[in-house]
Novice: 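What follows is a single structure, and I will ask about it in a moment.
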There are 2 protein chains.
Amino acid sequence: MIGRFDSPRENRKAAEPTSATVFVVEDDASMRRSLANLFQQVGLDVVTFGSAHEMLQNNIPDVVSCLVLDIRLPGQSGLEFQAELAKSNIHIPIIFITGHGDIPMSVRAMKGGAVDFLTKPFREQELLDAVVAATERDRKRREAEQTVANLRSLFDTLSPREQAVLKLVATGLMNKQIAAELGLAEITVKIYRGHVMKKMRARSLADLIRMVEKLGLHANRGQQT
Amino acid sequence: MIGRFDSPRENRKAAEPTSATVFVVEDDASMRRSLANLFQQVGLDVVTFGSAHEMLQNNIPDVVSCLVLDIRLPGQSGLEFQAELAKSNIHIPIIFITGHGDIPMSVRAMKGGAVDFLTKPFREQELLDAVVAATERDRKRREAEQTVANLRSLFDTLSPREQAVLKLVATGLMNKQIAAELGLAEITVKIYRGHVMKKMRARSLADLIRMVEKLGLHANRGQQT
DNA sequence: GCGCATTACAAACGTTCGTATAGTTCTTTT
DNA sequence: AAAAGAACTATACGAACGTTTGTAATGCGC
């Protein structure tokens with residue numbers, strides 16, 4: 001099946017409070033089945049594919065997950081697939097498995113952000129540990145991404161002027177300076193600033209500054225023609 | 001010498017504006033010499049050692065650098081040395097070289113934060129590229145660390161009370177709330193707050209908040225007995 | 001004992017901020 | 001054509017902020 005079975009069933013656990021999905025891309029059907037079996041036994045959701053292409057056809061659900069990927073695949077290699085996913089801004093953590101890998105392959109995979117690179121035969125627990133680490137990484141990434149996305153959607157409710165005021169507020173300018181910068185009356189800036197605080201749900205300036213930092217906004221100051 | 005010489009001398013370059021030091025830990029003396037030679041030819045400073053122990057004896061100068069490390073060493077292995085450096089909070093970027101490595105080794109090295117893992121024979125340019133990447137990484141790390149250290153030394157000039165006020169200011173509390181929290185009069189808070197701005201050289205509250213973020217300060221609010 | 005930093009507060013003044021109320025103009029949507 | 005909202009300004013006022021000047025007690029090092 002997968003490799004040597006030197007870890008008793010009882011030792012297996014992937015004690016995750018939230019469920020996670022493991023995608024498996026592996027051309028060997030029997031290997032696919034045993035991997036699916038292993039993951040299902042510890043309560044993980046599993047979706048298997050026979051090739052990279054096949055996985056890209058189906059749209060990947062937006063859940064906490066990781067990808068167990070064979071290096072040798074029909075068509076596109078595992079490493080190429082990794083590069084393609086990165087280019088497509090798909091940040092699913094990858095665990096490579098291989099029967100006939102070499103060091104340059106593993107180094108390239110790890111440089112590309114892979115969580116682990118296992119050579120057959122491997123202990124089941126090794127793979128499960130890697131999967132736990134990978135899904136945990138994905139969970140954290142999603143959490144951070146969600147935070148920024150929420151802030152972004154608040155920011156998007158601001159009118160262009162309000163956004164401009166926010167950026168200048170974040171640079172530490174006083175209302176009168178912002179007014180001069182934007183060619184407005186100070187009172188107008190004050191009002192927009194009030195809108196910004198409400199819409200962004202910031203309870204203090206300190207709050208607002210931290211939001212701007214997380215959003216990575218940078219004021220593009222300058223002369224407005 | 002090092003490996004195959006398939007890259008002409010003319011193609012070699014490590015166009016670095018600032019000089020960098022390459023530490024080499026390698027037990028084979030002739031290998032050590034040829035590595036030193038290679039790095040010197042492209043204008044890098046080189047310090048070589050025959051073992052990990054030897055390197056730790058000498059105190060490592062505080063300059064932009066990287067470490068070229070043989071996996072197989074007398075006494076402590078390269079991987080053990082990597083772990084020891086990490087534990088000692090020495091963050092020098094490491095490039096492993098090895099004649100007889102395997103995939104688990106390379107994966108462990110990369111998981112441990114290594115920049116690259118090269119197997120002999122390798123092209124000289126490969127190693128030089130890795131060294132450039134490594135020193136660049138070190139330069140950036142030092143830059144970021146320096147920024148924080150500078151902020152930290154400013155923060156350390158604050159009296160305990162001023163530090164306490166700063167932390168509460170950073171949480172977004174108003175002066176009167178800070179006063180209540182610390183059992184002070186509002187006017188006192190205002191004065192300390194002024195001291196904080198001067199001593200931290202913050203030109204605005206936004207500035208100050210960002211400094212606090214970089215410092216990773218967190219107010220430990222609570223009841224003062 | 002003397003100098004010095006720290007902690008603490010007050011009175012006073014000017015600045016800055018925030019909001020409420022009210023109004024104009026322009027564009028977009030219905 | 002009417003409604004909605006965005007952009008913009010004015011008056012007005014209170015709250016919050018920041019600094020200056022002055023006072024005073026404490027504790028530490030030389």
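Quick note on labels: first sequence line is chain A, next is B, and so on, each numbered from 1.
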Novice: Does C:dT19 have OP1 or OP2 under 4.0 Å away from a side-chain N or O of A:Lys190?
Specialist: no
Novice: Would you write the dot-bracket representation of DNA chain D, where each base gets (, ), [, ], | or . depending on whether it forms a Watson-Crick or G-U pair under 3.5 Å and with which partner?
Specialist: ||||||||||||||||||||||||||||||
Novice: Does A:Ile191 reach a base, just sugar-phosphate, or nothing at all? Heavy atoms under 4.0 Å.
Specialist: base
Novice: Please compare A:Met197 and B:Arg161 by the position of their nearest nucleotide in DNA chain C and report the one closer to 5'.
Specialist: B:Arg161
Novice: Atom CG in B:Leu44, atom OG1 in B:Thr21: separation rounded to 0.5 Å?
Specialist: 8.5 Å
Novice: Could you check how far CG of B:Leu158 sits from C1' of C:dT7, rounded to whole Å?
Specialist: 15 Å
Novice: Going 5' to 3' along DNA chain D, which nucleotides are the first and last within contact of chain A (any atom under 4.0 Å from a heavy atom)?
Specialist: D:dA6 to D:dA12
Novice: Please tell me which of the listed nucleotides, C:dT19, C:dA11, C:dT6, lies nearest to the side chain of A:Ile187?
Specialist: C:dT19
Novice: Between P on C:dT7 and CG on B:Leu166, what's the gap in Å once rounded to a whole number?
Specialist: 14 Å
Novice: Give a yes or no on whether a salt bridge exists between B:Asp207 and B:Arg201, defined as a side-chain N under 4.0 angstrom from a carboxylate O.
Specialist: no
Novice: Send over the distance from B:Arg193 CZ to C:dA8 P, rounded to a whole Å.
Specialist: 17 Å
Novice: Please report the distance, rounded to the nearest Å, between CG in A:Asn175 and C1' in C:dT15.
Specialist: 12 Å
Novice: Evaluate whether atom CZ of A:Arg72 has more than 12 neighbouring non-hydrogen atoms of other residues, nucleotides or ligands under 6.0 angstrom away.
Specialist: no
Novice: Which is true for B:Thr188 with a 4.0 Å heavy-atom rule: it touches a base, it touches only sugar-phosphate, or it touches nothing?
Specialist: base
Novice: Could you pull out all residues at least two apart from A:Arg32 that satisfy salt bridge (charged side-chain N to carboxylate O under 4.0 Å, His left out)?
Specialist: none
Novice: For DNA chain C, what residues of residues 203-212 of chain B have any heavy atom nearer than 4.0 Å?
Specialist: none
Novice: For residues 146-154 of chain A, which side-chain donor-acceptor pairs fall under 3.5 Å, sequence neighbours excluded?
Specialist:
| residue | atom | partner | partner atom | Å |
| --- | --- | --- | --- | --- |
| A:Gln146 | NE2 | A:Asn150 | OD1 | 3.0 |
| A:Thr147 | OG1 | A:Glu143 | O | 3.0 |
| A:Asn150 | ND2 | A:Gln146 | O | 3.4 |
| A:Ser153 | OG | A:Asn150 | O | 2.9 |

Novice: Just how far, in rounded Å, is C1' of C:dA5 from NE2 of B:His195?
Specialist: 11 Å
Novice: Using a 3.5 Å cut-off and no angle test, enumerate the donor-acceptor pairs between side-chain atoms of residues 74-88 of chain B and protein atoms at least two apart in sequence or in another chain.
Specialist:
| residue | atom | partner | partner atom | Å |
| --- | --- | --- | --- | --- |
| B:Gln76 | NE2 | B:Glu84 | OE1 | 2.4 |
| B:Ser77 | OG | B:Leu79 | N | 3.3 |
| B:Ser77 | OG | B:Glu80 | N | 3.1 |
| B:Glu80 | OE1 | B:Ser77 | N | 3.1 |
| B:Gln82 | NE2 | B:Ala109 | O | 3.0 |
| B:Gln82 | NE2 | B:Gly112 | O | 3.3 |
| B:Ser88 | OG | B:Glu84 | O | 2.8 |

